[in-house]
Amino acid sequence: MRIRDLLKPEGIKLGGSPVDKKDTIAQMVDLMCATGNINDKERYKAGVFAREAEDTTGVGEGIAIPHAKTDAVTRPGLAAMTIPGGVEYEALDGEPVDLVFLIAAPNTKENVHLEVLSRLSVLLMDENFTKALRAAKTKEEFLEIVDKFEVAKLAEEVTKMEQAAESGGFEVLAITACPTGIAHTYMAAEALEKAAAARGIKIKVETQGSVGAKNVLTADEIRNARGIIIAADKKIELDRFGGKQVLQTNVTAGINKPDELINRILNNEAPVLEGGASVSSAPAEEETIGRKTYKNLMNGISHMLPFVVGGGILIAIAFLLDQPGLGTSSYGSSTPLAHFFKQAGDTAFGFMLPILAGFIAESIADRPGLAVGFVGGALASAGYSFAWLMNPDTALVGGGFLGAMLAGFVGGYLTLWLEKACDKLPAALEGIKPVLIYPLVGIFMISLVMFAVNPIMAAINTGIAGILGGMGTSNLVLLGAVVGGMMSVDFGGPINKASYAFGIAMLSEGTEAGQMIMAAIMVGGMVPPIIIALSTTIFKNRWSEADRKAGIVNYVMGLSFISEGAIPYAAADPGRVIPSCVVGSAVAGALSCLFHCTSPAPHGGAWVIAVIGNPVMYLVALIVGSVVGCLILSMLKKPLSPEESGLK
């Protein structure tokens, strides 16, 4: 497959003049749709904006490569536009963009097209190629230039492989990777290769893209190299590089600072990786303690969430079905059917704290930390203590969510300390470290810690539960407003996740107040997309035609508790969209608590309304919060001209 197979004349526009970044992407999506590659324009467009919200695809030198991999794509394709006057695109170098390629990748296992897209990304690093494209007068000339340079590049790749086979070794090795693995991965590889070639340095770059690992580094190459550059925005397994210089940075640095990275390896300025631990690809000196803590906690929560969602909904169904047991001590399990759902839900819930602690520890210390964290989380859940050992009649009170969090972090860092301590052992014991020493000593140590701190964590949890239980209506309403509003500050970012984590922690306590907080958080997260949908539906003259069409999808996203539906709009107009959504979510969260709405399920949105306590008023809270936010947003936004809005 060649680039020409993905780029059609209908998908090319020469001499474009978009007014800003948002308009550029909108025009590019229109071009892509003209090629017949898209089955859902608005969903694809939302995917492109969502990718843009993660990090700009304006890679510098006047080039932008927006892209999305989604089910909205029927078949892979490209669209291209030249912009002689340039357009502000928030590019990495701060300069205007005048050459844009849009990539559409289907969300399938078949990835042959991705090799073609990676080749295009590499070609865009060639100044002669981009200069020729900018100067093209017709679409046919544009396509001929693409063909000419692609043929030359394919021949160059063959020659490079032959020379590498004869060279006998490389001075510098590298790995490049980005979350999507479509463009930046290969652009960083090309930049490193060009910088090395200009200085006569032998380099080999392994790319870990969507097509899998290519140009994989061999054991002999690693052994003979001076060091390894890791330019990646996702986790890379580094076990094979123990004892070598390993310079970790992001993929953008690989594109923009290849000479600097190579120099640090050649000058022996990169740290030497000890042992065989797997390390995050982000450079340690650039990652703050807060960021590390957040990343480790989210690793635990993301793995725990399916157990909480599945278990919580099954338990709620059990109570819904057990009407005969209403008001009795066996409510929820007085009938065989209800008992089945209750038992299944309780079993899933039972894994919640061990999973949380285990994967926090795994994020810190990789696989050796997993068993230590699991056991610590299980002990936190059970509430075992030294006092209980001395007197079995002592009541056991679990450490709950906070205890499991502590177990995860302590277990992870205990394992890291243990790994360092074991570095001094004879090499003959290397094989038994992960299967005997780490789990045996680690589990023993975390058990000592948890037996000691469980009473403290239990007291904290009991105190929090008591405070929540004793809160008057006004205090709960205020708390509901705060946690609800937090859900709209960054739409799935750290503040949103902090609020959600707090809700899960309170839900795990099994109190009515905890379920009220969870309900407030969920309704707060449902509001932002609905605000957008209502505003684009009712106040049509505030939005472009493309915005109005995309807004319809946000009804479904909002009802499904997918806050990210508001991201494209917030990215385009944060000063108006974010405050409006925060106020609307806060109102909804406050009303939910005022009406004593409860949710035993931490996810599901309106689709789990059957298990929501006081469901009618919960919907009222959702509607009122959404309407308030819609009115604020629509008043803040100025009406567009008929030409801009598409309304006559």
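For the numbers below, each heavy atom of this structure counts, side chains included, while hydrogens, waters and symmetry mates do not.
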Quick one: are Leu414 and Leu418 in side-chain contact, heavy atoms under 4.5 Å?
-> no
Search all heavy atoms of Gly411 against all heavy atoms of Thr415 and return the closest pair with its distance.
-> O-OG1, 2.7 Å
Do the side chains of Phe170 and Leu217 get nearer than 4.5 Å, heavy atoms only?
-> no
Is Phe502 close to Val482 at the side-chain level, that is, under 4.5 Å between some pair of heavy atoms?
-> no
Specify whether Phe359 and His303 have parallel, tilted or perpendicular ring planes, treating 30° as the upper limit for parallel and 60° as the lower limit for perpendicular.
-> parallel
With Asn391, which residues qualify under side chain to side chain contact (heavy atoms under 4.5 Å, CB included), at least two apart?
-> Asp393, Thr394
Under the side-chain contact (heavy atoms from CB on, under 4.5 Å) rule, what do Gln248 and Leu238 come out as? Steps first, then yes or no, please.
-> CA-CA 10 Å; Gln248 301 173 74; Leu238 303 183; 4.0 Å; yes
Specify whether Phe351 and Phe307 have parallel, tilted or perpendicular ring planes, treating 30° as the upper limit for parallel and 60° as the lower limit for perpendicular.
-> tilted
So how far is it from Thr56 OG1 to Arg51 CZ, rounded to the nearest 0.5 Å?
-> 8.5 Å
Taking atom types as modelled, find out whether Glu52 and Thr57 have a side-chain donor-acceptor pair closer than 3.5 angstrom.
-> yes
For Gln343, side chain to side chain contact (heavy atoms under 4.5 Å, CB included) partners two or more places apart | His339, Thr347
When you measure from the side chain of Ser585 to the backbone N and O of Gly485, does any donor-acceptor pair fall under 3.5 Å?
-> no
Closest non-hydrogen atom pair, Asn296 against Ser363 | OD1-OG, 2.7 Å
Heavy-atom pair with the smallest gap, counting every atom of Cys422 and Ile437 = SG-CG2, 3.6 Å
Residue pair Lys244, Leu173: steps toward the side-chain contact (heavy atoms from CB on, under 4.5 Å) verdict | CA-CA 11 Å; Lys244 306 296 294 186; Leu173 302 177; over 6 Å; no
Parallel, tilted or perpendicular for Trp388 and Tyr384, by the 30°/60° rule?
-> tilted
Excluding sequence neighbours, so at least two apart, what forms salt bridge (Lys or Arg N to Asp or Glu O under 4.0 Å) with Arg223?
-> Asp220
Go through Ile612 and Met522 one step at a time and tell me if the side-chain contact (heavy atoms from CB on, under 4.5 Å) criterion holds.
-> CA-CA 11 Å; Ile612 297 292; Met522 187 158 70; 4.0 Å; yes
Closest heavy-atom pair, Gln208 versus Thr185, reported as atoms and distance to 0.1 Å, is N-CG2, 3.9 Å
When rounded to the nearest 0.5 angstrom, what distance separates OH in Tyr500 from CE in Met487?
-> 7.5 Å
Any donor-acceptor N/O pair, Ser447 side chain to Ile443 backbone, under 3.5 Å | yes
Taking everything shown except Phe444 itself, do over 12 heavy atoms lie less than 6.0 Å from its CZ?
-> no
Examine distances only and state if a side-chain atom of Gln245 and a backbone atom of Ile265 form a donor-acceptor pair shorter than 3.5 Å.
-> yes
Would you find more than 12 non-hydrogen atoms of other residues, nucleotides or ligands less than 6.0 Å from Glu269 atom CD?
-> yes
For the atom pair CG (Leu379) and CE (Met457), what is the distance rounded to the nearest 0.5 Å?
-> 14.0 Å
Kindly compute the distance separating OG1 (Thr293) from CZ (Phe409), expressed to the nearest 0.5 Å.
-> 5.5 Å
What is the distance from atom CD1 of Ile203 to atom CG of Leu192, rounded to the nearest 0.5 Å?
-> 5.0 Å
With rounding to the nearest 0.5 Å, note down the distance linking CD1 in Ile517 to OG in Ser592.
-> 10.5 Å
For side-chain contact (heavy atoms from CB on, under 4.5 Å), just list the numbers for Leu448 and Phe386, CA-CA rounded to whole Å, side-chain angles, deciding distance to a tenth of an Å, and then say yes or no.
-> CA-CA 9 Å; Leu448 288 176; Phe386 290 116; 4.2 Å; yes
List the atom of Asp259, the atom of Ala195, and the distance in Å for their closest heavy-atom pair.
-> OD1-CB, 3.6 Å
Are any side-chain N or O atoms of Ser499 and backbone N or O atoms of Val483, one a donor and one an acceptor, separated by less than 3.5 Å?
-> yes
Counting distance only, does the side-chain N/O of Arg226 pair as donor-acceptor with the main-chain N or O of Leu266 below 3.5 Å?
-> yes
Where do Ala68 and Gly47 come nearest, in terms of heavy atoms and distance?
-> CB-C, 3.7 Å
